[in-house]
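What follows is one structure encoded as structure tokens, with my remarks underneath.
As the structure lists them, so they are numbered: ligands from 1, and atoms in each ligand from 1.
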Amino acid sequence: MKLLPSQATAPKGRMPIAAALRSGQLLAAVAALVIAGAVLVAYQLLEIRQALADGARVQAAIVADSVTAPLMFGDRESAQETLRAFRYAQGLKAVGIYDQDGRRFAEFSYPDSRLPLTLQAALGERDGGIVVKDTVRYRGNVVGHTVLHVGTDRLRGAMLRYVGLLVVASLGAMLVVATLGRTTRARVAAAERKLDYMAHTDHVTQLPNRHATYARLEGALEEAGVAGTQVALLLVDLDNFKTVNDTAGHAAGDELLKKVAAALSGAVRTSDLVGRIGGDEFAIIVAPVPGRASAVAIADKVTQALRHPFAVEGGEFFATASVGVCLYPDDATTMSELVSSADTALYHAKQSGRNRLAEFVPAMTAATQRRAALERELRRAIDGGQLAVHYQPQFDCASGALLGVEALVRWRHPEHGPISPAEFIPIAEESGLIVELGSWVLRHACAEVAQWQRAGGPALTLAVNMSARQLREPGFIEDVTRALASSGLAPGRLELELTESVLMEDVAGALAFMQSVRALGVRLAIDDFGTGYSSLAYLQTFPINQLKVDRSFVQLLPQRGETIIHAVLALARGFGLTVVAEGVEEPRQLEWLREAGCDVVQGYLLGMPMAADAFRERFLEPATA
Ligand SMILES: Nc1nc2c(ncn2[C@@H]2O[C@H](COP(=O)(O)O[C@H]3[C@@H](O)[C@H](n4cnc5c(=O)[nH]c(N)nc54)O[C@@H]3COP(=O)(O)O)[C@@H](O)[C@H]2O)c(=O)[nH]1
């Protein structure tokens, strides 16, 4: 398979614009010349004929004026003499004088053009020539008539010369048109080639675009169907391209895409096709492929090719990718099925941690179907009272006093029972339902925690998780204001938790959002600290109050993980932030954290996330009793 995007979708049987233009132009030019020539010839014919007739009329009038006396006196000889003077008149065939009774009186004519004896016969003669008559008068009385017969041989000659001239002029014009036409056609053909190239090529990477790639895939499947061979489709999605675009700018993003395109093309054979099918999505068509093992080996080569940093605009960027692999005809027998199955495999690669490949297996379809069903049902669950907020306590590390709670949403499905937030939160994020769900959690948790305080409980802080989508939601700040106003919770008691990756997805947007939140008096915490982008620069830029050390570090304690947690504590001190250690499961972890000077602790050891009633019973009722 050759990588020629311009040929990828060349429509069969369609005449290219340049060729159509050539035959069209030729036909139009010939038709125009024929019509113009015919009109000119007809016009010229009439003009010359009219000029001949006018000349003949003048001569007839001259004759009439000169033969009055010979006619009146019957002097034929003198009349004959007068007429002979016309022998030099061009084209004249005969000139005659008829008396007042219409009888021929005198004539001058050439042998084959003798005038008839009577005027009536002379006027009726029409042998293709021009016949004109004038009246001879004396003092107003008609004394005779003159008749002139002019031949049209001159007319024919003039017309032949004219047509000849016209043909020569037309041929000259055609030559000029042909020369100009050739230049125009060459330009049109070049423009056509450029248009075709642009229509099928991605302008950033110069790879075939989505349209051309899928057209090639269609062709490859047709060929494989006939030949009985296999085709592999690899869908490649860059893991953190948006972050590069947002932090380093679009020019850097484009440069990175070019380098990724070159790396992908270098990882496969020249006979395989690499196309860019979306912002940070590429497709690789391997046709024919010997089998599944080869397809997976190629996908592995592709992921390896992207595992090194790329030098872009003076910096170094990683562009790791997730790859979904699908095989025709084993996994799918039609193109749409193949693309959708490869997409399903890609989704699973991303879900299982990115920077990896996933082969399509039929069970994935079941997982995708479950995901689609959960998405549908989650919509109903939000309004249908199937959601609840559970609270996990947070304690002062030194004194052990209860300081606050983290709100964690729970979904009890009427048929499937409890569904983990680790499963439905990503679905809510991808479908956009997180906005509605997040607002519900915020309203509900603010109301409940404020109510506990009104009932005599301590003034607890409330930590609520936030997703990237909520951050971008224009009405979210109003949602927070409303939740605080309607619940009566003091803004300083509410803490919104954002992960590093959420912040780095859109740094400028996140900063503006955080400033609005802080302006309300609401606190901000970085969740899962240390697992995301880990750019320490943002600690200086973003107006945050607290860091939450990810439980993966806490759970290494006390044997390992100390260096990291010491570093986080030192960093937090430097920036004037408090530190929460989450995921504390063992007493020795708690002990270590206390000694290290950690501010707040949270984890199963101290309290699992629990329903509001259970939380009140365990932590608040002694205080409110
Ligand atoms: N945007 C929103 N995200 C939410 C919301 N509610 C939950 N989530 C996110 O879902 C993920 C899974 O949450 P969950 O299953 O509730 O897990 C939380 C705790 O139960 C768990 N945890 C707490 N202590 C321990 C421990 O000692 N050991 C252990 N193995 N797990 C523990 O950690 C999860 C809380 O994590 P974090 O948010 O990072 O503090 C999770 O990512 C939630 O964030 C929601 O309303 N909105």
Side-chain angles (χ1 to χ4, degrees), residues 351 353 374 378 381-382 386-395 397 404-412 417-449 461-473 476 479-480 483 494-503 505 513 524-532 546-557 561 579-590 592-593 598 600-612 614-615:
Q351 289 299 102
L374 286 185
L378 186 55
I382 299 172
Q386 295 171 26
L387 298 183
V389 177
H390 281 203
Y391 299 91
Q392 187 173 29
Q394 296 177 330
F395 299 92
C397 192
V405 287
E406 178 178 3
L408 295 159
V409 67
R410 296 291 180 260
W411 178 15
R412 179 170 285 279
I419 295 175
S420 164
E423 184 177 10
F424 72 80
I425 290 288
I427 295 175
E429 281 171 345
E430 278 167 38
S431 61
L433 279 171
I434 194 70
V435 173
E436 212 180 317
L437 187 147
S439 289
W440 182 86
V441 171
L442 186 71
R443 277 197 315 275
H444 195 86
C446 285
E448 217 147 38
V449 171
T461 56
L462 166 67
V464 178
N465 288 288
M466 280 206 56
S467 295
R469 201 52 190 264
Q470 290 172 275
L471 203 103
R472 293 197 298 270
E473 191 63 21
F476 185 74
D479 272 2
V480 176
L494 179 63
E495 188 168 82
L496 300 182
E497 290 188 2
L498 306 144
T499 60
E500 289 164 287
S501 51
V502 164
L503 297 181
E505 259 186 40
F513 169 83
L524 286 167
I526 305 289
D527 201 2
D528 305 338
F529 185 73
T531 57
Q546 184 161 276
L547 298 181
K548 274 188 98 173
V549 187
D550 190 66
R551 68 167 179 270
S552 58
F553 301 118
V554 174
Q555 285 170 358
L556 295 175
L557 293 173
V579 175
V580 181
E582 61 176 335
V584 180
E585 290 182 351
E586 294 176 20
R588 55 204 183 130
Q589 291 166 346
L590 180 61
W592 189 96
L593 288 162
C598 181
V600 184
V601 279
Q602 170 185 353
Y604 290 173
L605 175 71
L606 306 152
M608 302 279 285
M610 57 195 90
F615 186 87

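- Annotation: Arg410 places an N or O atom under 3.5 Å from an N or O atom of ligand 1; distance criterion only.
- Heavy-atom distances between Gln602 and ligand 1 stay at or above 4.0 Å for every pair.
- Residue contact check for ligand 1: Gly438 places no non-hydrogen atom closer than 4.0 Å to it.
- In this structure, Gln589 contributes its side chain and Glu585 its backbone to a donor-acceptor pair below 3.5 Å.
- At a 4.0 Å heavy-atom cut-off, ligand 1 touches Arg551 through the side chain alone.
- Taken from CD in Glu436 to CD in Gln470, the straight-line distance is 11.5 Å, to the nearest 0.5 Å.
- Close approach to Glu582 involves these atoms of ligand 1, each under 4.0 Å from a residue heavy atom: 36 (O), 37 (P), 39 (O), 40 (O).
- Within ligand 1, counting atoms from 1 as listed, the ones closer than 4.0 Å to a heavy atom of Gly603 are 24 (N), 27 (O).
- A side-chain donor from one of Ser439 and Asp479 sits under 3.5 Å from a side-chain acceptor of the other.
- Counting protein heavy atoms only, atom 13 (O) of ligand 1 is closest to Pro421 CG, 3.7 Å.
- Close contacts between ligand 1 and Val441 involve ligand atoms 46 (O) [criterion: under 4.0 Å to a heavy atom].
- Of all protein heavy atoms, the one lying nearest to atom 19 (C) of ligand 1 is Leu408 CD1, 3.9 Å.
- Between the side chain of Ser467 and the main chain of Arg469, no donor-acceptor pair closer than 3.5 Å is present.
- When heavy-atom distances to ligand 1 are checked against a 4.0 Å cut-off, Ile425 comes that close only through its side chain, counted from C-beta outward.
- Residue, atom and distance of the protein heavy atom nearest to atom 30 (N) of ligand 1 are Glu585 OE2, 3.2 Å.
- Using modelled atom types, no side-chain atom of Gln602 and backbone atom of Val580 make a donor-acceptor pair closer than 3.5 Å.
- Using a 30° and 60° split on the angle between ring planes, Phe513 and Phe476 fall in the tilted class, from 30° to 60°.
- Of the candidates His390, Gln392, Met610, Phe615 forms a side-chain contact (heavy atoms from CB on, under 4.5 Å) with just one, namely Met610.
- Counting atoms of ligand 1 from 1 in the listed order, those under 4.0 Å from a heavy atom of Lys548 are 40 (O).
- Checked for salt-bridge contact, Lys548 and Glu406 meet the test: a charged N lies under 4.0 Å from a carboxylate O.
- With ligand atoms numbered from 1 in the order given, ligand 1 contributes 1 (N) to contacts under 4.0 Å with heavy atoms of Ser467.
- If you look at Asp527 next to ligand 1, the close heavy atoms, those under 4.0 Å, all belong to the side chain.
- Counting only distance, with no hydrogens or angles, the side chain of Glu448 and the backbone of Ala445 share no donor-acceptor pair below 3.5 Å.
- Residue Val409 touches ligand 1 through backbone and side chain together, judged by heavy-atom distances below 4.0 Å.
- In terms of polar-atom proximity, Tyr604 is counted as a contact of ligand 1, with an N or O under 3.5 Å from an N or O of the ligand.
- At the shortest separation from atom 23 (C) of ligand 1 among protein heavy atoms lies Gln392 OE1, 3.0 Å.
- Interatomic distance, CG of Leu494 versus SG of Cys446, reported as 5.0 Å (0.5 Å rounding).
- Contacts of Met608 with ligand 1, taken as heavy-atom pairs under 4.0 Å, are absent altogether.
- Note that the CG atom of Asp528 and the CG atom of Leu498 stand 11.0 Å from one another [nearest 0.5 Å].
- Heavy atoms of Asp528 found under 4.0 angstrom from ligand 1 belong exclusively to the side chain.
- Among Gln394, Glu586, Glu406, the residue whose heavy atom lies nearest to atom 38 (O) of ligand 1 is Glu406.
- Those atoms of ligand 1 that come under 4.0 Å of a heavy atom in Pro609, given as number and element, are 20 (O).
- Between Trp411 and Val409, the closest side-chain pair of non-hydrogen atoms is not below 4.5 Å.
- Considering each of Ala422, Gly583, Ala428, the one bringing a non-hydrogen atom nearest atom 11 (C) of ligand 1 is Ala422.
- The nearest protein heavy atom to atom 41 (C) of ligand 1 is not closer than 4.0 Å.
- Of the protein's non-hydrogen atoms, Asn465 CB, 3.6 Å is the one closest to atom 3 (N) of ligand 1.
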side-chain contact (heavy atoms from CB on, under 4.5 Å) between Ile526 and Leu503, intermediate numbers included: CA-CA 9 Å; Ile526 305 289; Leu503 297 181; 3.1 Å; yes
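- Annotation: side chain of Leu606 is in contact with side chain of Leu590 (closest heavy-atom distance under 4.5 Å).
- With Leu433 as reference, Ile382 is the one residue of Ile427, Ile425, Ile382 to meet the side-chain contact (heavy atoms from CB on, under 4.5 Å) rule.
- Residue Glu429 does not touch ligand 1, judged by heavy-atom distances below 4.0 Å.
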